[in-house]
Number of protein chains: 2
Amino acid sequence: MKISTKGRYGLRSMIDLAINSSGNTPVFISDIAKRQHLSEKYLEHIFGALHKAGLVRSIRGRKGGYLLQKNPEEITLSEIITALEGKISLVECVLDPDICPSAKKCVTRDLWQGLSDKINEYLSSHTLNDLIQMQKSREQNDTLMYYI
Amino acid sequence: MKISTKGRYGLRSMIDLAINSSGNTPVFISDIAKRQHLSEKYLEHIFGALHKAGLVRSIRGRKGGYLLQKNPEEITLSEIITALEGKISLVECVLDPDICPSAKKCVTRDLWQGLSDKINEYLSSHTLNDLIQMQKSREQNDTLMYYI
DNA sequence: TATTATTTCTATCAAATTAATAGGAAATAA
DNA sequence: TTATTTCCTATTAATTTGATAGAAATAATA
Ligand code: FES
Ligand code: FES
């Protein structure tokens, strides 16, 4: 029961993208990879998935790169994780009861269903903006420390 | 972000064990495997883990088998899942901050921490007995249906 | 005591999934 | 025309998960 690197790296990259894009100038994957200490090639894949899910806008060619497609407060963490890891459910049969012949009787399915709902609830109730604000205030506090 | 078969099979087997053990006579792994449509050999592993975690008592030799070590209402689902899948955390650095050099600054870690806590909360607040009662009442309803 | 049924332990193999790399095509601004 | 970027497809590497085999230990039973 772990979040994969795709999900983890992707979320961090979305925060990085939001913080480092000024206006309409796109951000290079290579820059995000450098700042986040990630492989450029692997990050390409991740942004492919984010793009496909409509969370980022891409500009091809020289001086191209990526931009957020929506405002950070309109992007829930659930959307980001779903884009990168698929629909959130702890067991397959929560989404697709047909794969378990005894799904109707199975009490553990109800349990996993309930827990999956909790997880979805949590991730839907936080937006990318929440993380950005946390990040920014944390950085500001770090700076202030030097003046105290 | 999935529960592995170990966790799923193990939980179902604990319910099976609790429901099918009468008094102090132990239950064979082979019987549980039959009823739950699981591989006997694989189930051995699973019970090895449950035993190691002190959730079941084993009786070796002929007419041996397994018994619950505690009353079902004293066994939380968190204990069972932890025994089978290890400590519940969505990313390694939640339990062990040292593996991420920037753990103190990382806002995504706080997020995963929070969500991992929710999951633990949920699984700690339900016991094996809850599932057994659900199962029993479900079976009773099924039986009643024939008499209506 | 010898035999048999049963669990436990360890080692290993197979399959599936995830993570990462590589190379080049397509697009586009300089 | 060139440099720089995303996009696409394939391949490889690493890790995790699922399953098997067989020897050792142990207790009941004949
Ligand atoms: S595990 Fe799928 S229905 Fe029980
Ligand atoms: S991912 Fe581990 S601290 Fe950020």
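In what follows, every chain begins at residue 1, and chains take the letters A, B, ... in the order their sequences are listed. Bear in mind that the values here come from a model prediction, so they are computed numbers and not experimental data.
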Residue-phosphate contact under 4.0 Å: B/Ser39 side-chain N/O, D/dG18 OP1/OP2: no

Whole-Å gap separating P (C/dT18) and CD1 (A/Ile46): 14 Å

Of A/Glu40 and B/Phe47, the one whose closest DNA chain C nucleotide lies more 5': B/Phe47

Test item: A/Gln133 side-chain N/O and A/Asp130 main-chain N/O as donor-acceptor pair under 3.5 Å: no

d(CG, B/Leu38; P, D/dT20) in whole Å: 12 Å

Atom pair CG (B/Asn20) and CD1 (B/Ile15), whose distance is rounded to the nearest 0.5 Å: 11.5 Å

Ring geometry between B/Tyr42 and B/Tyr9 (parallel below 30°, tilted from 30 to 60°, perpendicular above 60°): perpendicular

5'-most by nearest nucleotide on DNA chain D - A/Met1 or A/Arg62: A/Arg62

Under-3.5 Å donor-acceptor pair between A/His45 side chain and C/dT21 base: yes

Whole-Å distance separating the CD atom of B/Glu44 from the C1' atom of C/dC9: 9 Å

Nearest-Å distance for atom pair NZ/P, residues A/Lys2 and C/dT17: 19 Å

Atom-to-atom span, CG of B/Leu50 to P of C/dT7 - whole angstrom: 15 Å

Test side-chain contact (heavy atoms from CB on, under 4.5 Å) applied to B/Arg8 and A/Thr108, step by step: CA-CA 8 Å; B/Arg8 292 196 281 126; A/Thr108 62; over 6 Å; no

Base-pairing assignment for C/dA30 (Watson-Crick or G-U wobble, both under 3.5 Å): D/dT1

Length of the CG-P vector between A/Leu84 and C/dT18, whole Å: 13 Å

Evaluation steps, side-chain contact (heavy atoms from CB on, under 4.5 Å), between B/Ile81 and B/Ser78: CA-CA 5 Å; B/Ile81 299 304; B/Ser78 163; over 6 Å; no

Beyond-backbone contact of B/Leu68 with B/Leu128, side-chain heavy atoms, under 4.5 angstrom: yes

B/Ile32 CD1 - C/dT6 P separation (whole Å): 14 Å

Contact list for DNA chain C against residues 53-61 of chain A - heavy-atom distance below 4.0 Å: A/Arg60, A/Gly61

Rounded distance (nearest 0.5 Å) linking atom NZ of A/Lys2 with atom CD of B/Glu92: 4.5 Å

Sugar-phosphate only, base, or nothing, as touched by A/Lys41 at under 4.0 Å among non-hydrogen atoms: base

Side-chain N or O of A/Thr5 closer than 4.0 Å to phosphate OP1/OP2 of C/dT18: no

Proximal nucleotide (of D/dT6, C/dA19, C/dA22) relative to the A/Lys6 side chain: C/dA19

Nearest-angstrom distance from the residue atom OH of B/Tyr42 to C1' of D/dG22: 20 Å

Touch class at under 4.0 angstrom, heavy-atom based, for A/His51 against every strand present: sugar-phosphate

